[in-house]
Number of protein chains: 2
Amino acid sequence: MTDALRSAGAAPTLEDVARAAGVSRATVSRVINGVRNVDPTIQEAVREAVSVTGYTPNRAARSLVTRRTDAVALVVSGTGVEPAEGADGADGEPHTADGGEPPEGAGEGSFTARVFADPFFGRVVTGVVDYLRPRGIHPVLMFAESAWARDEVVAYLRQGSADGALIVSTHAEDPLPALVAEAGLPAVLYARPTRPARISYVDLAHRDGARLAAEHLLARGCRRIATISGPLDVPAGQDRLAGFQETMARHGHPYIPVAEGGFTQESGEAAMERLLTEHPGLDGVFAGNDLMATGACHVLRDHGRKVPEDVAVIGFDDSGAAAACRPPLTTVRQPVEDMAAEMARLLLDRLAEPDRPATSVIFEPTLVVRASA
Amino acid sequence: MTDALRSAGAAPTLEDVARAAGVSRATVSRVINGVRNVDPTIQEAVREAVSVTGYTPNRAARSLVTRRTDAVALVVSGTGVEPAEGADGADGEPHTADGGEPPEGAGEGSFTARVFADPFFGRVVTGVVDYLRPRGIHPVLMFAESAWARDEVVAYLRQGSADGALIVSTHAEDPLPALVAEAGLPAVLYARPTRPARISYVDLAHRDGARLAAEHLLARGCRRIATISGPLDVPAGQDRLAGFQETMARHGHPYIPVAEGGFTQESGEAAMERLLTEHPGLDGVFAGNDLMATGACHVLRDHGRKVPEDVAVIGFDDSGAAAACRPPLTTVRQPVEDMAAEMARLLLDRLAEPDRPATSVIFEPTLVVRASA
DNA sequence: ACCGTCACGGAGAGCGCTCTCCCTCAGGTC
DNA sequence: GACCTGAGGGAGAGCGCTCTCCGTGACGGT
């Protein structure tokens, strides 16, 4: 009758299974977790009892003793407001409200909305999830765009609600990596932290990617080349620009017109307009990412320039936007999914061996030639 | 000295705080959870002790007793393979490697990758997160594209790893809603389930949206109108088509050429090509979503048709793709973020009052007029 | 026949928290 | 003064699990 009550009421516990199988709790636990040797006959009996009772281990109880949750925080970090001084007007970071209170915000302008407007994050999620899933780890989505949100992330980890964090930072000067590192919480970053910290990360050799783009443009015969850079307060933006300028200089083009964008299509359009006004004769453009390259293509066409005949355009990332663009974009591929998976791998390694020192893995970009250049 | 050891070693517990404040565990708990009256002086002492010890409540321990995790599963459900055309095979479950094994898959073709290729999901996440965050609830991202994955989701919920589920189904004949409903697990769906189930959902009045599009095209003077439908095994695809045909019929256009697409840009391109071959004279197109509309615009331009002068194009969703398209798309807006937030609200309501009956909330679409029609 | 040495199962002590009791004490009330 | 009341605080029993011990019995070497 206890069984009857059980099946009707609360979820079955280890105790119930043990009783049903005629063994002790410990044995059931051993069978379930596949640890130590258990007599095959008993194993069978336990499995039988498990399926009869419809038992599912209670995660909270397990976590309480193992100190593991099999969950990791996947946090998108950035700044909602936090002035990002340095760069002046073109900071590309709209000023939203950012109090000490949890954000009640929603809609178009919210941080979360902006984040997912970029296909980049979807790719990160894909890479992370595809790696974590077969390993039984679940990602908890978090955003850390304000001081309040950052504290929440740290608290979340300290509470042991997640075993570690995968942090994708959209901004330099992001305080989160330092916070997490100081607290000694296991974490891995996407992109090198601005200030060095004892924390692992994966990154791309942005300069090499920009070099690839420059060389391709040059090899194509372009001679009046300009670039639409990403935001200059983001390392990726800086590095791509620097690498591009560097290579161009080495090939005898010490001066390259630059228009700063904000990694969005609209900002790419605006930047292209500016470039076109000041340098109507340009015949090649390297954009800091595909979204901006797409915007550039639109503007070029609006101005009667054919891509690639009149102006060659190269993007960066090889995101979905690159293939969707007309013409399809020649672009520098960033293997985001692989990088995200590696990030997850580094974190899991670290969790397995807490003493393991921080490491970094740098990926090499490749040129994907399509129609735009 | 105990304190010294504490601060160096393990995380402080309630016990530590209690000792520091000179009260009992129960009192500290009361202060932290703000339940019952506690003397203001003692409250202050406890808060002080909390900050001195750097205490953070352990979530697992709390969950163990409260039976709440303050986490919800945000699950994207669907089937491994997209096409499912013909829609005859009725089973809706295309045959993928759908064994008992966890998927090790990754990259371009993986379910997760395809999911995030569509801006739609980013918007759902945005809506959900923006609603949940201020309420201290965290979303755990899950995918349920195979029998294995579905079982995992159910197990996850049964384990009490999450308090409930928000399910976004990409496919009709998706078995997950039924599984979850049967198990009596709290859940809310995005889009009405194919087979009615005792489960709440939010949805859009797709037919009304399609009517808006039809009327706009007609009012514009289009007379040779065709449509690119979404996949016909998805309710949203069916309803939008049906609503469109219905309205057109009512206005004296009983026959409307239809090309079925798969909600992707490429499928929109292919469908447009087909339409153009068979009906070169068409002057208006309604696409089942913005991605396909964007593809249609590309193809139309490739064929020398000006949008909207020669052919008017209307999309559906008002996703980021609509504004990014050249020309910007006139489209039927689906307030995804609001709908997602509502979905979260319904779930939280249900968790607060478990007996509350299942409800549904239907949103009305609106027409957003831009340049393409 | 004896003593390791395994292989295997059970007992039971927690993990850190919440929450129900129960106790105490101040302030009425009759 | 006896009694009630309600506010405020403590004790302690678990929540369901893991894991360290320890006990037992089978086996083999000497």
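A, B, ... follow the sequence lines: proteins, then strands. Residue 1 opens every chain.
In this structure, A:Asn58 does not reach the D:dC15 phosphate: none of its side-chain N or O atoms is under 4.0 Å from OP1 or OP2. In terms of phosphate contacts, B:Thr66 brings no side-chain nitrogen or oxygen within less than 4.0 Å of OP1 or OP2 of C:dT18. Between B:Arg67 and D:dG16 there is a side-chain N or O to OP1 or OP2 distance below 4.0 Å.
Partners of B:Asp151 according to the side-chain hydrogen bond (donor to acceptor under 3.5 Å, both in side chains) rule, which considers only residues two or more places apart in sequence or in another chain, do not exist here. In this view, B:Arg47 satisfies the salt bridge (charged side-chain N to carboxylate O under 4.0 Å, His left out) rule with no residue, not counting sequence neighbours. Remark: B:Ser24 engages B:Thr27 in a side-chain hydrogen bond (donor to acceptor under 3.5 Å, both in side chains) (not counting sequence neighbours). Here A:Tyr190 pairs with A:Phe120 under the ring pair (Phe, Tyr, Trp, His ring centres under 6.0 Å) rule; sequence neighbours left out. Residues meeting the salt bridge (charged side-chain N to carboxylate O under 4.0 Å, His left out) test with B:Glu182, sequence neighbours left out: none. Here A:Arg345 pairs with A:Glu342, A:Asp349 under the salt bridge (charged side-chain N to carboxylate O under 4.0 Å, His left out) rule; sequence neighbours left out. Residues satisfying the side-chain hydrogen bond (donor to acceptor under 3.5 Å, both in side chains) criterion with A:Ser51, sequence neighbours excluded, are absent altogether. Residues meeting the salt bridge (charged side-chain N to carboxylate O under 4.0 Å, His left out) test with B:Arg350, sequence neighbours left out: none.
Nearest heavy-atom pair, B:Arg198 versus B:Pro357, reported as atom, atom and distance to 0.1 Å: NH1-CA, 4.4 Å.
Counting to the nearest Å, the P atom of D:dC15 and the CG atom of A:Asp16 are 11 Å from each other. In this structure, the CZ atom of A:Arg158 is 14 Å from the P atom of C:dG16, given to the nearest Å. Atom C1' of nucleotide D:dC15 and atom CG of B:Leu64 are separated by 4 Å, given to the nearest angstrom. Summarising the geometry, the separation between CG on A:Leu14 and P on C:dA11 is reported as 14 Å, rounded to the nearest angstrom. If you take CD of B:Gln43 and C1' of D:dG8, they are 11 Å apart, rounded to a whole angstrom. Distance CD1 (A:Ile32) to C1' (D:dC19): 15 Å, rounded to an integer number of Å. Separating the CZ atom of A:Arg19 from the C1' atom of C:dG10 is a distance of 16 Å, rounded to the nearest angstrom. In this structure, the CD atom of A:Glu15 is 10 Å from the P atom of D:dC15, given to the nearest Å.
Where B:Val65 and B:Pro40 each meet DNA chain D at their nearest nucleotide, the meeting point lying more 5' is that of B:Pro40.
Remark: the A:Thr53 side chain and the A:Asp16 side chain contain no N/O donor-acceptor pair separated by less than 3.5 Å. Checking B:Asp174 against B:Ser77 by side-chain atom types alone, a donor-acceptor pair falls below 3.5 Å.
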Let me check something: any side-chain donor-acceptor pairs from residues 154-165 of chain A under 3.5 Å, sequence neighbours excluded? List them with distances.
unit_1: A:Arg158; atom_1: NH2; unit_2: B:Gly54; atom_2: O; d: 2.7
unit_1: A:Arg158; atom_1: NH2; unit_2: B:Thr56; atom_2: OG1; d: 2.6
unit_1: A:Gln159; atom_1: OE1; unit_2: A:Ser161; atom_2: OG; d: 3.2
unit_1: A:Gln159; atom_1: OE1; unit_2: B:Arg59; atom_2: NH1; d: 2.7
unit_1: A:Ser161; atom_1: OG; unit_2: A:Tyr156; atom_2: O; d: 3.4
unit_1: A:Asp163; atom_1: OD1; unit_2: A:Thr69; atom_2: N; d: 2.8
unit_1: A:Asp163; atom_1: OD1; unit_2: A:Thr69; atom_2: OG1; d: 2.9
unit_1: A:Asp163; atom_1: OD2; unit_2: A:Arg68; atom_2: NH1; d: 2.9
unit_1: A:Asp163; atom_1: OD2; unit_2: A:Thr69; atom_2: N; d: 3.3
unit_1: A:Asp163; atom_1: OD2; unit_2: A:Asp70; atom_2: N; d: 2.9

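Over its length, the helix from C:dA1-D:dT30 to C:dC30-D:dG1 turns its helix axis by 50°, as judged from the five terminal pairs at each end, rounded to 10°.
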Strictly under 3.5 Å: I want the nitrogen or oxygen pairs between protein and nucleotides 24-28 of chain C, one per line.
none

Name the pairs: protein N/O against N/O of nucleotides 9-13 of chain D, kept only if under 3.5 Å.
unit_1: D:dG9; atom_1: OP2; unit_2: B:Asp39; atom_2: N; d: 3.0
unit_1: D:dG9; atom_1: N7; unit_2: B:Arg30; atom_2: NH2; d: 3.4
unit_1: D:dG9; atom_1: N7; unit_2: B:Arg36; atom_2: NH2; d: 2.4
unit_1: D:dG9; atom_1: O6; unit_2: B:Arg36; atom_2: NH1; d: 2.9
unit_1: D:dG9; atom_1: O6; unit_2: B:Arg36; atom_2: NH2; d: 2.7
unit_1: D:dG10; atom_1: OP2; unit_2: B:Ser24; atom_2: N; d: 3.0
unit_1: D:dG10; atom_1: OP2; unit_2: B:Ser24; atom_2: OG; d: 3.0
unit_1: D:dG10; atom_1: OP2; unit_2: B:Thr27; atom_2: OG1; d: 2.6
unit_1: D:dG10; atom_1: N7; unit_2: B:Arg30; atom_2: NH2; d: 2.9
unit_1: D:dG10; atom_1: O6; unit_2: B:Arg30; atom_2: NH1; d: 3.4
unit_1: D:dA13; atom_1: N6; unit_2: B:Arg25; atom_2: NH2; d: 2.9

